[in-house]
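For this chain, numbers begin at 1 and follow the sequence in order. In what follows, every heavy atom counts, from backbone to side chain, and hydrogens, waters and symmetry copies are set aside.
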Amino acid sequence: MSSSEAVDTVVEGTEGPGGAGSVRLDHVSHEYGRGGETVTAVGPVDLTISAGEFVVLVGASGCGKSTLLRLIAGFERPTHGSVRVSGAEPRPGASAGMVFQTPRLFPWRTVRGNVDVALRYAGVERAQWPRRRAELLARVGLEGTERRRIWEISGGQQQRVAIARALAAENPLLLLDEPFAALDALTRERLQDDVRRMTDRTGRTAVFVTHSADEAVFLGTRIVVLTKGPGTVALDLPIPLPRGDVDADELRESPEFAELRARVGHAVKSAAG
């Protein structure tokens, strides 16, 4: 598949650069500190993400990947430039669902209780909670776990609960900051499979942060490699691999996958300097 065909595949069926779930960063940079002790963490970055894309940010530690994610989430405002989500300034907790590296669940609540908190903050009517809760837990493969306490489920299951909570508000944008980094290899692959299928099925836009070229190629419809801090865009690469109902193992073992993984891995090393 040619590069132009790959781009067409990525954006087909989306609402374009200004649609629900779209992201636009215009000459964005962000600094920490004050006065003469400021440190530029990222930028300048210009990036447009169309609705329905799965964009993976890859780069060495300290390149500003997580900072960019926080700016898109609205947790911080850029020092320079502008960020727009669905055409407006991002609002924390409202413009996007967020999944962190650790689940950040309420350990004294059950699985059900954790999801219900998210539904409440999402403004879902209480009468609809049982149906919505069941839908969310089914979507992340946790049917039958409602009454279990958080310490009674595995780390992978806890991260599934965190993903269910992030989906509760039905935001068109999902942000994931290295959510599988602390998991064992098998659980990590299973959750990668689940997130890939879920976003393909729902059409949500996703922005995912990782250090792993393998994870980036498997998940993304597009990969953005950042230089070492302050991070700027070193490579913006469409991923022309099949989506939808595909065999994950066959995909990971394909020559096309290996070629893309090698290219991204080389780009990350080169960008880290």
Side-chain angles (χ1 to χ4, degrees), residues 21 54 56-57 65-66 69-70 72-75 90-212 215 218-220 248:
F54 197 125
V56 183
L57 304 178
K65 303 183 300 294
S66 294
L69 214 63
R70 289 194 296 271
I72 294 170
F75 296 153
R91 294 178 297 140
S95 298
M98 184 85 181
V99 182
F100 299 92
Q101 186 169 342
T102 56
R104 300 193 181 187
L105 303 175
F106 299 115
W108 60 90
R109 290 181 176 268
T110 60
V111 169
R112 169 181 175 172
N114 272 275
V115 176
D116 285 352
V117 168
L119 291 170
R120 185 177 75 226
Y121 280 106
V124 178
E125 293 183 9
R126 195 178 191 92
Q128 297 179 14
W129 288 7
R131 177 183 61 81
R132 289 282 294 121
R133 185 195 314 123
E135 290 174 350
L136 289 167
L137 292 177
R139 190 175 295 174
V140 297
L142 287 178
E143 302 95 326
T145 65
E146 289 191 3
R147 298 185 182 278
R148 297 179 68 178
R149 299 285 178 178
I150 294 305
W151 65 80
E152 296 176 327
I153 61 177
S154 68
Q157 289 175 317
Q158 290 178 19
Q159 200 62 292
R160 289 174 187 269
V161 177
I163 294 171
R165 292 202 317 179
L167 297 174
E170 297 189 331
N171 295 5
L173 176 62
L174 183 62
L175 307 176
L176 305 103
D177 191 0
E178 296 192 77
F180 312 142
L183 302 177
D184 64 89
L186 181 59
T187 302
R188 182 171 184 155
E189 282 195 2
R190 286 175 176 170
L191 285 177
Q192 289 170 0
D193 297 348
D194 291 341
V195 167
R196 194 180 199 267
R197 284 196 301 268
M198 179 194 66
T199 51
D200 286 348
R201 185 170 61 250
T202 61
R204 289 186 187 228
T205 311
V207 184
F208 190 104
V209 164
T210 184
H211 287 90
S212 168
E215 185 168 65
F218 180 76
L219 287 172

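- In this structure, the side chain of T205 engages the main chain of G21 through a donor-acceptor pair within 3.5 Å.
- Cation-pi geometry between R196 and F218 is met: the NZ or CZ atom falls under 6.0 Å from the ring centre, inside 45° of the normal.
- When L176, D177, L69 are each tested for a side chain to side chain contact (heavy atoms under 4.5 Å, CB included) with V207, only one passes: L69.
- Other residues, nucleotides and ligands place no more than 12 heavy atoms under 6.0 Å from the CZ atom of R147.
- Across all their heavy atoms, A127 and P130 have their closest contact at O-CD, 3.7 Å.
- No donor-acceptor pair under 3.5 Å is formed between the side chain of W151 and the backbone N or O of P107.
- Residues W129 and R120 are in side-chain contact: their nearest non-hydrogen atoms beyond the backbone lie under 4.5 Å apart.
- The backbone N or O of T110 sits less than 3.5 Å from a side-chain atom of N114, completing a donor-acceptor pair.
- Taking 4.5 Å as the limit, every side-chain heavy atom of V209 sits out of range of all side-chain heavy atoms of Q101.
- The shortest side-chain heavy-atom distance between V115 and E146 does not fall under the 4.5 Å cut-off.
- With R109 as the partner, the side chain to side chain contact (heavy atoms under 4.5 Å, CB included) test is satisfied by one option alone out of V117, V161, I150: V117.
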Subject >> side chain to side chain contact (heavy atoms under 4.5 Å, CB included) assessment of R204 paired with M198 >> reply: CA-CA 9 Å; R204 289 186 187 228; M198 179 194 66; 5.9 Å; no

**OP:** Step by step, work out the side chain to side chain contact (heavy atoms under 4.5 Å, CB included) result for L173 and I72.
**Re:** CA-CA 10 Å; L173 176 62; I72 294 170; 3.9 Å; yes

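- Annotation: R201, atom CZ; neighbour count of heavy atoms from other residues, nucleotides and ligands within 6.0 Å is above 12.
- Taking 4.5 Å as the limit, some side-chain heavy atom of Q159 sits within range of a side-chain heavy atom of V99.
- For E143, the CD atom counts as densely surrounded, since its 6.0 Å shell holds more than 12 non-hydrogen atoms of other residues, nucleotides or ligands.
- Side-chain atoms of Q128 do not come within 3.5 Å of backbone N or O of E125 as any donor-acceptor pair.
- Of the possible donor and acceptor atoms, none in the side chain of T145 sits under 3.5 Å from a partner among the backbone N and O of R148.
- Under the 4.5 Å side-chain criterion, counting only non-hydrogen atoms from C-beta, I153 is not in contact with L142.
- In terms of heavy-atom proximity, T187 sits nearest to L183 at CG2-CD1, 4.0 Å.
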**OP:** Could you walk me through whether T210 and L219 pass side chain to side chain contact (heavy atoms under 4.5 Å, CB included), step by step?
**Re:** CA-CA 10 Å; T210 184; L219 287 172; over 6 Å; no

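- Between A248 and D193, the closest heavy-atom pair is CB-OD1, 3.5 Å.
- Between E135 and R139 no salt bridge is recorded (no basic side-chain N to carboxylate O distance below 4.0 Å).
- Applying the salt bridge (charged side-chain N to carboxylate O under 4.0 Å, His left out) test to R188 and every residue at least two apart in sequence or in another chain returns E215.
- Residues L174 and A166 share a closest heavy-atom pair of CD1-CB, 3.8 Å.
- In terms of heavy atoms, N171 sits closest to G97 at ND2-N, 3.5 Å.
- Ring orientation note: the planes of F75 and F100 are close to parallel, at an angle under 30° on the 30°/60° scale.
- Nearest heavy-atom pair across P103 and A162 is O-CB, 3.7 Å.
- Sparse packing is recorded around OH of Y121, with 12 or fewer heavy atoms of other residues, nucleotides or ligands lying under 6.0 Å away.
- Distance alone, capped at 3.5 Å, is enough to place a donor-acceptor pair between the R132 side chain and the A168 backbone.
- Salt bridge present: R160 and D194 bring a charged side-chain N and a carboxylate O closer than 4.0 Å.
- Around the CZ atom of R190, the shell of radius 6.0 Å holds no more than 12 heavy atoms that belong to other residues, nucleotides or ligands.
- To the nearest 0.5 angstrom, L136 atom CG is 9.5 Å from R131 atom CZ.
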